[in-house]
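Written out below as structure tokens is the structure these notes cover.
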Amino acid sequence: MIDAPDRMPLAREFFDRPVLEVAPDLLGRTLVRRTPDGPIEVRLTEVEAYAGEADPGSHAYRGRTQRNASMFGPPGHAYVYFIYGMWFSLNLVCGPEGTASGVLLRGAEVTKGADLARERRPKARKDRELAQGPARLATALDIDRTLNGIDICAGPEAPLSVLFGTPVPASRIRSGPRTGVGGEGAAHPWRFWADGDPTVSPYRAHVPRHRGKQE
DNA sequence: ACATTGATGCTCT
DNA sequence: GAGCATCAATGTG
């Protein structure tokens with residue numbers, strides 16, 4: 001049985017391009033997470049681009065560290081990081097090895113394996129909330145730090161793959177400032193989403209948190 | 001519907 | 001020690 005055209009995996013060349021080309025081009029694509037219990041598939045609806053060492057909003061801004069090492073690796077690999085003491089986020093590494101760009105996956109619609117996703121997201125009241133937000137997406141897809149650095153172009157058995165899917169046409173893509181990114185990084189409209197899709201997460205502007213004594 | 005805030009621990013300075 | 005590419009519960013309308 002031959003795969004339908006929309007089930008063809010995206011090759012490494014897809015990711016070996018400038019991140020601002022790759023990010024909007026990922027919208028509508030199918031992300032496959034293969035778990036021991038079976039596959040979970042989502043249709044990507046919201047992403048953010050992080051543009052290498054020159055981007056003040058990026059984890060790579062201050063150069064290579066132990067945490068961000070996989071961002072500096074070859075394209076078509078995963079960068080998974082732990083945040084707020086509780087959550088994971090999944091990025092797809094773009095651009096040539098030695099550079100450090102990536103696309104944060106922020107929102108998606110679960111299209112297959114919804115029963116598995118619901119088990120992992122028992123607090124989701126509606127199916128559209130299963131993967132609405134980066135940490136929710138990672139939780140629904142059973143993503144953790146063991147997937148950091150893995151090759152997502154490694155073939156039909158890989159834990160993660162991206163399939164062709166049905167790309168969102170450019171006329172339906174919107175862009176704006178990235179969520180939770182402040183400073184000079186806030187100026188760039190590097191968040192991309194599918195207009196009107198209910199699985200796009202609510203925008204939250206960056207709020208500087210001052211802790212400790214105040215007044 | 002929207003605003004506010006606690007939870008929780010890792011990473012880098 | 002400060003800050004974090006967040007979520008969910010709580011409060012108010």
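Chain A is the first sequence line, chain B the second, and so forth, proteins listed ahead of strands; every chain is numbered from 1. What you see is a predicted model; the values in this text were computed from it and never measured.
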Report yes or no: is there a donor-acceptor pair, N or O only, under 3.5 Å between the side chain of A/Tyr81 and the base of C/dA5?
yes
Side chain of A/Val181 only, heavy atoms from C-beta on: which candidate in C/dA5, C/dA8, C/dC7 is closest?
C/dA5
Whole-Å distance separating the CH2 atom of A/Trp87 from the P atom of B/dT11
18 Å
With a sphere of 6.0 Å drawn around OH of A/Tyr61, does it hold more than 12 non-hydrogen atoms of other residues, nucleotides or ligands?
no
Spacing between A/Leu105 atom CG and C/dA5 atom C1', to the nearest angstrom:
12 Å
pair_partner(C/dT10), Watson-Crick or wobble, both distances < 3.5 Å, evaluates to B/dA3
Protein-nucleotide distance (A/Leu137, atom CG; C/dC7, atom C1'), rounded to Å
14 Å
Look at all strands and tell whether A/Arg67 reaches a base, only sugar-phosphate, or nothing, counting heavy atoms closer than 4.0 Å.
sugar-phosphate
Within a radius of less than 6.0 Å around CE of A/Met8, do more than 12 heavy atoms belonging to other residues, nucleotides or ligands occur?
no
Let me know the distance between CG of A/Leu104 and P of C/dA5, rounded to the nearest Å.
10 Å
Among the candidates B/dC12, C/dA8, C/dA5, find the nucleotide nearest to the side-chain atoms of A/Arg204.
C/dA8
Take atom CZ in A/Arg12; do more than 12 heavy atoms of anything else shown fall under 6.0 Å from it?
yes
Of C/dC4, C/dC7, B/dC10, the nucleotide closest to the side chain of A/Tyr84 is C/dC4
Taking only side-chain N and O atoms of A/Arg121, does any of them lie within less than 4.0 angstrom of OP1 or OP2 on C/dA8?
yes
Write down the distance between CD1 (A/Ile83) and C1' (C/dA8), rounded to a whole number of angstrom.
17 Å
Watson-Crick or G-U wobble partner for B/dC12, using a 3.5 Å limit on both distances?
C/dG1
Hey, does the side chain of A/Arg136 come within less than 4.0 Å of C/dA8's phosphate (OP1/OP2), counting only N and O?
yes
Minimum-distance pair of heavy atoms, taken over all atoms of A/Tyr79 and A/Met71:
CD2-CG, 3.4 Å
Please confirm whether the shortest side-chain N or O distance from A/His206 to OP1 or OP2 of C/dA5 is below 4.0 Å.
no
Roughly how many Å is it from CZ in A/Arg62 to P in B/dT13, rounded to a whole number?
7 Å
C/dA5 P sits how many Å from A/Tyr50 OH, rounded?
7 Å
Aromatic ring pairing A/Phe88/A/Phe82, orientation class (parallel under 30°, perpendicular over 60°, tilted between):
tilted
Tell me the interatomic distance from A/Asp144, atom CG, to B/dG9, atom C1', rounded to whole angstroms.
16 Å
Check every atom of B/dC12, C/dT6, B/dT11 against the side chain of A/Arg145 and return the nucleotide holding the closest atom.
B/dT11
